[in-house]
Amino acid sequence: MKYSNSQLTRFQKSQDPAIRAALIYGPDEGLVRERAKTLVTAIAEDPRDPFRVVEMDMATILDDPARLADEAAAISMMGGRRVVRITGAGDRLTKNFATFLDDLPGDGFIVVSAGELAAKSSLRKLFEASDTAFTVACFSDNAETRDALIDSILIQAGHQ
């Protein structure tokens, strides 16, 4: 599924347990990092909690494909939903996620960050077609997105 910014915000507030993974990608690397961090925080509260959040990169998964399922199935020692955060993802991970998204182990949530992925990207197509995952594209700001950002900041600060 493709999520818009507003759909992502709604998901962060009221998480659908059927959705287990997100692919956040785009040419705006800062926005990709920020949205991934915000999503991790919405699920695990503290993105630095080593009992609830584990970070891996694409090379780690390619070297040990079973680790993705192991980390997703792991139970947090302190309770709460576990998050597996994957950085630097690309189409080389499509095969790893193809079977994984069909039969997700445990109740962990997977947050995948990637740079720019073309419309033909196999990883992007896989996440967009999945019933258990979504994608969020991160592009550079334009007038509309800047206005929405300013509005959300003012609302959070209680000025609107």
Side-chain angles (χ1 to χ4, degrees), residues 1-140:
M1 294 175 272
K2 292 181 186 180
Y3 271 24
S4 66
N5 295 332
S6 59
Q7 287 172 302
L8 176 61
T9 301
R10 279 194 300 276
F11 178 83
Q12 290 168 339
K13 291 179 183 174
S14 177
Q15 298 154 26
D16 178 352
I19 304 297
R20 303 281 310 283
L23 171 63
I24 303 174
Y25 70 94
D28 189 334
E29 292 178 20
L31 188 55
V32 169
R33 275 192 307 277
E34 183 61 32
R35 286 199 176 136
K37 181 181 177 185
T38 302
L39 182 54
V40 169
T41 302
I43 296 166
E45 296 164 11
D46 182 0
R48 297 172 306 216
D49 182 343
F51 297 110
R52 292 192 56 195
V53 179
V54 63
E55 294 195 26
M56 297 186 288
D57 60 11
M58 183 166 66
T60 302
I61 296 169
L62 292 173
D63 288 344
D64 184 7
R67 184 153 177 217
L68 176 61
D70 291 345
E71 294 291 355
I75 298 170
S76 171
M77 288 178 56
M78 308 308 280
R81 194 171 189 188
R82 191 165 159 84
V83 177
V84 179
R85 186 172 181 180
I86 301 164
T87 58
D91 284 341
R92 292 177 55 201
L93 287 180
T94 303
K95 180 180 172 187
N96 299 81
F97 277 104
T99 54
F100 181 78
L101 289 176
D102 289 337
D103 187 26
L104 293 163
D107 75 340
F109 193 89
I110 313 302
V111 178
V112 182
S113 300
E116 190 165 1
L117 296 174
K120 293 181 179 183
S121 162
S122 58
L123 185 64
R124 182 175 156 185
K125 284 182 176 183
L126 178 69
F127 272 73
E128 288 173 353
S130 176
D131 291 332
T132 60
F134 64 84
T135 63
V136 176
C138 299
F139 298 105
S140 297

Take T41 and D46 through the test side-chain contact (heavy atoms from CB on, under 4.5 Å) and record every step on the way to the result. CA-CA 6 Å; T41 302; D46 182 0; over 6 Å; no

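- Side-chain N or O atoms of R35 include none that pairs as donor or acceptor with a backbone N or O of G30 at under 3.5 Å.
- Within a 6.0 Å radius of CD1 in I75, other residues, nucleotides and ligands contribute 12 heavy atoms or fewer.
- Under the side chain to side chain donor-acceptor pair (under 3.5 Å) criterion, D131 pairs with no residue, sequence neighbours left out.
- Considering only heavy atoms from C-beta on, N5 comes within 4.5 Å of V136 through its side chain.
- Looking at R52, its side chain does come within 3.5 Å of a backbone N or O of I43 through a donor-acceptor pair.
- For T60 and D63, the side-chain atoms include no donor-acceptor pair closer than 3.5 Å.
- Contact check for L101 versus I110: no side-chain heavy atoms found under the 4.5 Å cut-off.
- Residues R33 and K37 have side chains not in contact (no heavy-atom distance under 4.5 Å, counting atoms from C-beta outward).
- Formation of a donor-acceptor pair under 3.5 Å by the E71 side chain with backbone atoms of G108 is not found in this model.
- Side-chain atoms of S130 never come within 3.5 Å of backbone atoms of L126 as a donor-acceptor pair (strictly under, hydrogens ignored).
- Taking CD1 of I24 as the start and CZ of R85 as the end, the distance is 8.0 Å to the nearest 0.5 Å.
- Remark: A18 engages D16 in a side chain to side chain contact (heavy atoms under 4.5 Å, CB included) (not counting sequence neighbours).
- For S113 (side chain) and T87 (main-chain N/O), no donor-acceptor pair under 3.5 Å exists by modelled atom type.
- In this structure, the side chain of R81 does not engage the main chain of S76 through any donor-acceptor pair within 3.5 Å.
- Residues L23 and L117 have side chains in contact (heavy-atom distance under 4.5 Å, counting atoms from C-beta outward).
- Closest heavy-atom contact between G90 and L123: O-CD2, 3.5 Å.
- The shortest distance between side-chain heavy atoms of I86 and V111 does not fall below 4.5 Å.
- Among all heavy-atom pairs drawn from V112 and A89, the shortest one is CG1-CB, 3.3 Å.
- M56 is listed as a side-chain neighbour of V84, based on a closest heavy-atom distance under 4.5 Å.
- R20 contributes atom CZ, which lies 4.5 Å from atom CG of L104 (distance to the nearest 0.5 angstrom).
- How far OG1 of T135 is from CD of E128: 4.0 Å, rounded to the nearest 0.5 Å.
- A tilted orientation is assigned to the rings of F109 and F134, their planes being inclined by 30° to 60°.
- Taking 4.5 Å as the limit, every side-chain heavy atom of Q7 sits out of range of all side-chain heavy atoms of M1.
- For the pair I19 and T132, the minimum side-chain heavy-atom distance is 4.5 Å or more.
- Legend: residues meeting side chain to side chain donor-acceptor pair (under 3.5 Å) with E45, ordered by chain and number and at least two apart, are absent.
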Quick one: do L31 and F139 satisfy side-chain contact (heavy atoms from CB on, under 4.5 Å)? Show the steps, please. CA-CA 8 Å; L31 188 55; F139 298 105; over 6 Å; no

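- Interatomic distance, CG of D28 versus CD of E34, reported as 10.5 Å (0.5 Å rounding).
- Atom CZ of R48 and atom CD of E55 lie 11.5 Å apart (nearest 0.5 Å).
- In this structure, CD in E29 is found 11.0 Å from SG in C138, a value given to the nearest 0.5 Å.
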Steps toward side-chain contact (heavy atoms from CB on, under 4.5 Å) verdict (V54, R67): CA-CA 11 Å; V54 63; R67 184 153 177 217; 4.1 Å; yes

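- Put simply, the side chain of S14 never gets that close to the backbone of R10: no donor and acceptor are under 3.5 Å apart.
- Side-chain atoms of D91 do not come within 3.5 Å of backbone N or O of S121 as any donor-acceptor pair.
- Between Y25 and F127, a ring centre-to-centre spacing not shorter than 6.0 Å is recorded.
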